[in-house]
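Being a predicted model, the structure only gives us computed values, none of them experimental.
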Amino acid sequence: MSHHVRQWKSHNQFNFDTKLLGHRHIWKYSSLQRKNLKKNERGFICSYTAEKDLNLQLSDARVIYGVAPALGHNQESHPESHLRVPAIVSALEKMELTSEFRGSEIIELKNFSPASVDDIASVHARAYVSGLEKAMDRASQQGIILIEGSGPTYATATTFQESLAAAGAGIALVDSVVAASKNRPDPPLGFALIRPPGHHAIPKGPMGFCVFGNVAIAARYAQRAHGLKRVFIIDFDVHHGNGTNDAFYDDPDIFFLSTHQDGSYPGTGKIDEVGRGDGEGSTLNLPLPGGSGDTAMRTVFHEVIVPCAQRFKPDLILVSAGYDAHVLDPLASLQFTTGTYYMLAANIKQLAKDLCGGRCVFFLEGGYNLNSLSYSVADSFRAFLGEPSKASEFDNPAILYEEPSAKVKQAIERVKHIHSL
């Protein structure tokens with residue numbers, strides 16, 4: 001059966017319509033002219049030329065998303081390619097899940113500012129940030145450079161600025177969701193369709209395709225700019241979010257919860273890694289055995305994620321949304337389906353509504369089969385809208401095999417015991 005799954009993965013990998021590098025929505029993440037920027041009451045730069053118009057739009061929106069595709073950050077044949085975000089945007093348009101078809105129900109946040117160096121330095125060492133910026137000259141001369149020693153993380157001449165743009169998209173979405181939450185009990189869900197991804201980037205440098213920790217930067221920004229002290233981060237990427245884990249390992253005000261495939265890259269995220277010092281108990285790692293799928297994740301959500309969040313009482317929920325646990329993804333061997341991601345999006349939306357006034361922003365992390373990535377993000381949008389899933393149009397139950405239910409149950413019971421759930 002695993003042979004058939006590999007064949008299916010190979011057949012479905014990277015065959016999405018990629019005639020979209022000139023797509024009209026793709027590069028609208030450039031910063032505003034300084035003359036159009038204005039400071040808000042907290043003294044932070046506001047990214048909108050027409051703040052009142054945006055607030056008016058937010059009064060009706062159910063989904064707000066930002067696009068930062070990093071088209072110049074690309075290495076030929078690398079799985080973390082410049083085709084990923086355009087493939088998602090194309091799917092959203094084909095499935096009529098954009099403002100062109102939905103009016104004010106779905107808003108694309110455009111013309112947002114890149115993150116500042118200070119924003120990045122709230123998580124990363126300034127020496128790393130300045131060193132990466134200086135390395136852009138070498139990247140310009142050589143085309144592509146490796147920035148993680150012998151690791152898989154590369155940089156091109158545009159990587160620094162495009163990474164600032166990705167982090168800036170997340171910050172702008174936090175601003176928008178928080179602004180809407182002040183005026184209505186059901187603010188829109190935010191989704192940062194960005195790359196490079198971020199959850200592997202450690203405070204001292206890049207790692208595992210990731211340059212800056214987008215979710216971690218947004219969490220620190222929310223605390224600093226909006227006074228949202230308690231931030232709950234859910235990471236359902238197939239790989240452990242070791243960078244986010246490390247950034248907040250001793251912080252009691254940021255709860256980091258990661259589900260990931262046991263034994264997968266980077267080998268961190270053991271079940272007994274729970275935080276240290278004041279932060280002990282505010283990190284939860286749940287490695288799932290290979291083959292875990294929809295049934296496992298539904299159980300994890302209700303028996304682990306919900307009680308953790310309820311006990312923590314967050315002011316904001318941020319999500320590292322990796323779509324590489326999909327059964328068709330080439331880089332791992334879990335069995336999530338498009339329907340699994342719909343379930344997660346719908347349940348996290350409800351969790352945010354119940355616990356923190358609906359304030360929630362998703363951040364794209366992994367996902368390397370362009371078909372499963374695009375369909376799963378689109379179905380997440382449907383969940384945000386409260387519309388029925390269309391996962392059955394894409395998922396193929398025939399390629400699924402029996403989940404290792406006994407091992408899954410054992411892992412869940414152990415993590416519940418460790419964290420007194």
Side-chain angles (χ1 to χ4, degrees), residues 20-73 82 84-86 88-90 92-93 97-120 158-183 187-196 198 211-212 214-215 217-218 221-222 225-226 361-364 377 381:
L20 17 96
L21 296 186
H23 194 279
R24 62 191 169 85
H25 283 321
I26 292 306
W27 46 81
K28 292 180 179 176
Y29 63 86
S30 56
S31 63
L32 296 175
Q33 299 297 320
R34 301 305 291 184
K35 65 181 181 181
N36 290 327
L37 295 173
K38 102 178 175 181
K39 289 192 175 183
N40 64 18
E41 67 274 9
R42 294 181 182 274
F44 292 88
I45 294 296
C46 178
S47 305
Y48 316 113
T49 51
E51 190 174 1
K52 290 183 179 179
D53 288 346
L54 181 71
N55 286 336
L56 187 62
Q57 287 181 298
L58 288 175
S59 66
D60 298 323
R62 301 178 75 180
V63 179
I64 181 166
Y65 69 99
V67 177
L71 297 181
H73 177 79
H82 63 173
R84 296 177 65 233
V85 173
I88 294 169
V89 174
S90 178
L92 293 175
E93 291 207 332
L97 291 169
T98 66
S99 56
E100 181 180 353
F101 302 98
R102 300 302 189 102
S104 60
E105 192 174 45
I106 299 177
I107 295 174
E108 180 185 353
L109 186 64
K110 302 175 184 178
N111 298 323
F112 48 81
S113 297
S116 69
V117 170
D118 285 344
D119 291 325
I120 305 300
T158 61
T159 293
F160 183 74
Q161 288 299 327
E162 290 183 314
S163 298
L164 292 179
I171 286 171
L173 286 166
V174 168
D175 282 339
S176 299
V177 169
V178 172
S181 73
K182 294 177 181 178
N183 299 316
L189 266 287
F191 206 133
L193 300 175
I194 57 177
R195 55 177 294 273
V211 178
F212 295 144
N214 302 309
V215 162
I217 290 162
Y221 176 82
H226 297 291
V361 181
F362 278 53
F363 292 71
L364 182 66
V377 172
F381 271 50

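Side-chain N or O atoms of R102 include none that pairs as donor or acceptor with a backbone N or O of L97 at under 3.5 Å. Although no hydrogens or angles enter the test, the distance criterion places a donor-acceptor pair under 3.5 Å between the side chain of N214 and the main chain of P196. At least one donor-acceptor pair under 3.5 Å links the side chain of E162 to the backbone N or O of L71. Side-chain atoms of D175 never come within 3.5 Å of backbone atoms of A172 as a donor-acceptor pair (strictly under, hydrogens ignored).
Using bins of under 30°, 30° to 60° and over 60° for the plane-to-plane angle, the ring pair H226/Y221 lands in the perpendicular bin. By the 30° and 60° cut-offs, the orientation of the rings of F362 relative to F191 is tilted.
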Problem - Criterion side chain to side chain contact (heavy atoms under 4.5 Å, CB included) on V67 and E108, from CA distance to verdict - result: CA-CA 8 Å; V67 177; E108 180 185 353; 3.8 Å; yes

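Y65 places a side-chain heavy atom less than 4.5 Å from the side chain of T98. The shortest distance between side-chain heavy atoms of P188 and L58 falls below 4.5 Å. Within the 4.5 Å cutoff, the side chain of F212 has heavy atoms near those of the L164 side chain.
Scanning all heavy atoms of the two residues, the minimum distance from H82 to H73 falls at CB-O, 4.3 Å. In this structure, A218 and V174 approach most closely via the heavy-atom pair CB-CG2, 4.1 Å.
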